[in-house]
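Numbers for residues simply follow the sequence, beginning at 1.
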Amino acid sequence: MEEIGVVISTQGVVARVRVQKIGACDACAASGTCKPSEETAELEAFNPIKAKIGQTVRLVLKPQLYLKASIIVYGLPVVSLIGGAILGKNIGEIYFKGMDSDLISAAFGFGALIISFLAIKIWSSKVEKKEEYRPVIEEIVNPESETLKWC
């Protein structure tokens, strides 16, 4: 995944970059290091090329990491909901014969969904500290430009 943005601050090897917000921002694994607003988002990115404040840069996030994060954020809750519902239905029919197995199925499904959200939150807080999950500034797109129009 590539983004074009403007460096708004630097601190050592990390730069804060303002990029145009896209639909994929809502499910990004970098949600802990990214602070989206209505139209733009600010990302923390590694700055190995030492870009300076005001320069327009190209950020890159490895596609396999983006795909992995998307699968976890979207897939795990769906699988948990369905798996919990199936498990609840089977347990309800075997162990709770006097109760409606559909209610037990729903309770197990939503319980598993909540547990998956908690697991994603824990995973996300661990991932945001790892260097390989952060975007990297690969090049200065327009060294002479002041800022992009949306900054």
Is any side-chain heavy atom of L76 less than 4.5 Å from a side-chain heavy atom of V78?
-> no
State yes or no: do V79 and I86 share one hydrophobic cluster built from I, L, V, M, F, W and Y residues joined by side-chain heavy-atom distances below 4.5 Å, directly or via other members?
-> no
Are E3 and R58 ion-paired here, with the side-chain N under 4.0 Å from a carboxylate O?
-> no
Should P48 and V136 count as side-chain neighbours, where that means a heavy-atom distance under 4.5 Å?
-> yes
In this structure, CZ of R18 is separated from OG of S9 (nearest 0.5 Å) by 9.5 Å
Under 3.5 Å, which donor-acceptor pairs link side chains of residues 92-102 to any protein atom two or more places apart or in another chain?
unit_1: D100; atom_1: OD1; unit_2: D102; atom_2: N; d: 3.3
unit_1: S101; atom_1: OG; unit_2: K89; atom_2: NZ; d: 3.1
unit_1: D102; atom_1: OD1; unit_2: K89; atom_2: NZ; d: 2.6

Would you say I4 and T56 make side-chain contact, with heavy atoms under 4.5 Å?
-> yes
Is the closest side-chain heavy-atom distance between V141 and V57 below 4.5 Å?
-> no
In Å and rounded to the nearest 0.5 Å, what is the CD to CZ distance from Q11 to R16?
-> 10.0 Å
Name the atoms and distances for all side-chain donor-acceptor pairs under 3.5 Å in residues 104-120, with sequence neighbours left out.
unit_1: S105; atom_1: OG; unit_2: A85; atom_2: O; d: 2.8
unit_1: S116; atom_1: OG; unit_2: L113; atom_2: O; d: 2.6

Heavy-atom closest contact (V19 atom, G5 atom, distance) | CG1-CA, 3.8 Å
CD1 (I82) and CG (L87) are apart, to the nearest 0.5 Å, by 13.5 Å
Decide yes or no for V14 and T10: does some side-chain heavy atom of the first lie under 4.5 Å from some side-chain heavy atom of the second?
-> no
Minimum heavy-atom separation for A45 to I137, with atom names?
-> CB-CG1, 4.1 Å
Is there a chain of hydrophobic side chains (I, L, V, M, F, W, Y, each step under 4.5 Å between heavy atoms) that links V17 to V13?
-> no
Is the shortest heavy-atom distance from the side chain of L59 to the side chain of L43 under 4.5 Å?
-> yes
